[in-house]
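One structure is given below, encoded as structure tokens.
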There are 2 protein chains.
Amino acid sequence: MLSKKSQYAFKALAYLTEKFNQGPVLISEISSKKKVPLKFLENILLELKKAGILESKKGKGGGYYLRKDPAQIKVATIVRLVNGPIAMLPCVSLYFYKRCDNCDETSCGLHDIMIQVRDASLGVLENKTLADLLPMK
Amino acid sequence: MLSKKSQYAFKALAYLTEKFNQGPVLISEISSKKKVPLKFLENILLELKKAGILESKKGKGGGYYLRKDPAQIKVATIVRLVNGPIAMLPCVSLYFYKRCDNCDETSCGLHDIMIQVRDASLGVLENKTLADLLPMK
DNA sequence: AAAATAGTCCACAAAGTTGGTGGGATAATC
DNA sequence: GATTATCCCACCAACTTTGTGGACTATTTT
């Protein structure tokens, strides 16, 4: 399951997608509009900035905004960034690979199943972007 | 990600699948062959028994064994039982549904995406069984 | 230059989850 | 009744999650 942090991140990103190209948005505005604890949100947005997803401006007229077009930012990227691995096992993760203890990957049936699950999930997550977070008009 | 507990459960079930129809298997045997901490395994197997997956016998000649044919037990069932929800959000879970706070499901883009991810994952997990855990002969 | 605005950074803490252990009770067999 | 093996409960250390508090820095306005 996605952590609360991840859910907050998506709420914030959805809001910033809505306001794309309309200048910086205040943390406090996102916090109140999307009902996300302000200080927690602060951490999350900072993390997204450090990862290159967001840009920020200080002082009056400042705030956060998307660095790229929402349609260019994959949902998979955000999940990996904020939530961690998408795969259900370390030994089938593309970005967080870790070999299993005592599990021969070439003869482990679970391994094969989890690769299929991973690829099925990625089929969706790699092809959806922040633009898909908005309800259709 | 699957918890260690879930990974242990699958290791144990793989072993019991191998030994299907060969009588009860000792916890201690599973523990040593699959390198799973004995006492932890005890809890896991008991849980699987209470859920109707395993059967057990006490005393000499006792142990655990699968209650049904491995090919009849879906991987999805085990994941839900030991690991919890398969979906990435409570509001798209079939077996663990919980409404999101402040998220209108009819207009939440993330909701739609996560339904697709869920269905993609279930497409695999609901169609694989314990029999698929064994390496092909 | 001072004041106001708004993000940055660090440290901490309560609560919950995970992974695991210890010891005794219960049931079946020899 | 001794042995074997599961059942059951209670507890625990470590880690993660979900936050909060407070000071600092950069930018703009007055």
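Below, chains carry the letters A, B, ... as their sequence lines are ordered, and counting in each starts from 1. Side chains included, hydrogens not; waters and symmetry mates left out as well; all remaining heavy atoms used. Please read all numbers here as calculations on a predicted model, not as lab measurements.
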Distance-only donor-acceptor hits, side chain of residues 76-95 of chain B, under 3.5 Å, sequence neighbours excluded:
unit_1	atom_1	unit_2	atom_2	d
B:Arg80	NH1	B:Glu126	OE2	3.3
B:Arg80	NH2	B:Glu126	OE2	3.0
B:Asn83	OD1	B:Ser3	N	2.9
B:Asn83	OD1	B:Ser3	OG	3.3
B:Asn83	OD1	B:Ser6	OG	2.6
B:Ser93	OG	B:Phe96	N	2.9

Taking only nitrogen or oxygen atoms into account, show me every contact under 3.5 Å that the protein makes with nucleotides 27-29 of chain C, one pair per line with its distance.
unit_1	atom_1	unit_2	atom_2	d
C:dA27	O4'	B:Lys58	NZ	3.2
C:dT29	OP1	B:Lys57	NZ	3.1

Tell me: [atom1] of [X] to [atom2] of [N], nearest whole Å?
X       : N      : atom1 : atom2 : value
B:Lys39 : C:dA25 : NZ    : P     : 13 Å
A:Ile27 : C:dC9  : CD1   : P     : 12 Å
B:Leu41 : C:dT21 : CG    : P     : 12 Å
B:Glu55 : D:dT6  : CD    : C1'   : 12 Å
B:Tyr65 : D:dA5  : OH    : P     : 15 Å
A:Leu38 : C:dT5  : CG    : P     : 15 Å

Pairwise distance OG(B:Ser121) to CG(A:Asp119) - rounded to 0.5 angstrom: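 Going from the OG atom of B:Ser121 to the CG atom of A:Asp119 covers 11.0 Å.
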
Nearest-0.5 Å distance that lies between atom NZ in B:Lys19 and atom NZ in B:Lys33: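 Rounded to the nearest 0.5 Å, the NZ-NZ separation comes out at 5.5 Å.
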
Residues forming a ring-ring contact (aromatic ring centres under 6.0 Å, His included) with B:Phe40, sequence neighbours excluded: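 So B:Phe40 forms a ring-ring contact (aromatic ring centres under 6.0 Å, His included) with B:Tyr8.
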
Qualifying residues under ring-ring contact (aromatic ring centres under 6.0 Å, His included), relative to A:Phe10, sequence neighbours excluded: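 With sequence neighbours excluded, A:Phe10 shows a ring-ring contact (aromatic ring centres under 6.0 Å, His included) to no residue whatsoever.
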
Sub-4.0 Å heavy-atom contacts from residues 43-52 of chain A onto DNA chain C, ordered by number: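 Residues of residues 43-52 of chain A under 4.0 Å from DNA chain C: A:Leu46, A:Lys49, A:Lys50.
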
Would you call [X] and [Y] a side-chain contact if the rule is heavy atoms closer than 4.5 Å?
X        : Y        : answer
B:Lys34  : B:Leu41  : no
B:Val75  : B:Asp132 : no
B:Leu133 : A:Leu110 : yes

Among D:dC8, C:dG20, D:dT20, the one nearest B:Pro37 by side-chain distance: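 The closest nucleotide is C:dG20.
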
Please tabulate, for side-chain N and O atoms in residues 50-63 of chain B, each donor-acceptor pair with protein atoms closer than 3.5 Å (sequence neighbours left out).
unit_1	atom_1	unit_2	atom_2	d
B:Ser56	OG	B:Lys49	NZ	3.0

Nucleotides 11-18 of chain D: protein proximity per nucleotide (B base, S sugar-phosphate only, - neither; heavy atom, under 4.0 Å): -------S

Sugar-phosphate, base or nothing in reach of A:Leu26, heavy atoms under 4.0 Å: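 The answer is sugar-phosphate, as A:Leu26 gets under 4.0 Å only of primed atoms, P, OP1 or OP2.
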
Are there any protein N/O atoms within less than 3.5 Å of an N/O atom in nucleotides 13-16 of chain C, and if so, which ones and at what distance?
none

Listed partners of A:Phe20 passing side chain to side chain contact (heavy atoms under 4.5 Å, CB included), at least two apart: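 Counting only residues at least two positions away or on another chain, A:Phe20 forms a side chain to side chain contact (heavy atoms under 4.5 Å, CB included) with A:Leu66, A:Asp69, A:Pro70.
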
Contacts of type side chain to side chain contact (heavy atoms under 4.5 Å, CB included), residue A:Ser28, not counting sequence neighbours: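 So A:Ser28 forms a side chain to side chain contact (heavy atoms under 4.5 Å, CB included) with A:Leu26, A:Leu38.
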
Residues forming a side chain to side chain donor-acceptor pair (under 3.5 Å) with B:Lys39, sequence neighbours excluded: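 By the side chain to side chain donor-acceptor pair (under 3.5 Å) rule, B:Lys39 matches B:Glu42.
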
Results of side chain to side chain donor-acceptor pair (under 3.5 Å) for A:Lys5 - residues two or more places apart only: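 Only A:Glu47 meet the side chain to side chain donor-acceptor pair (under 3.5 Å) criterion with A:Lys5.
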
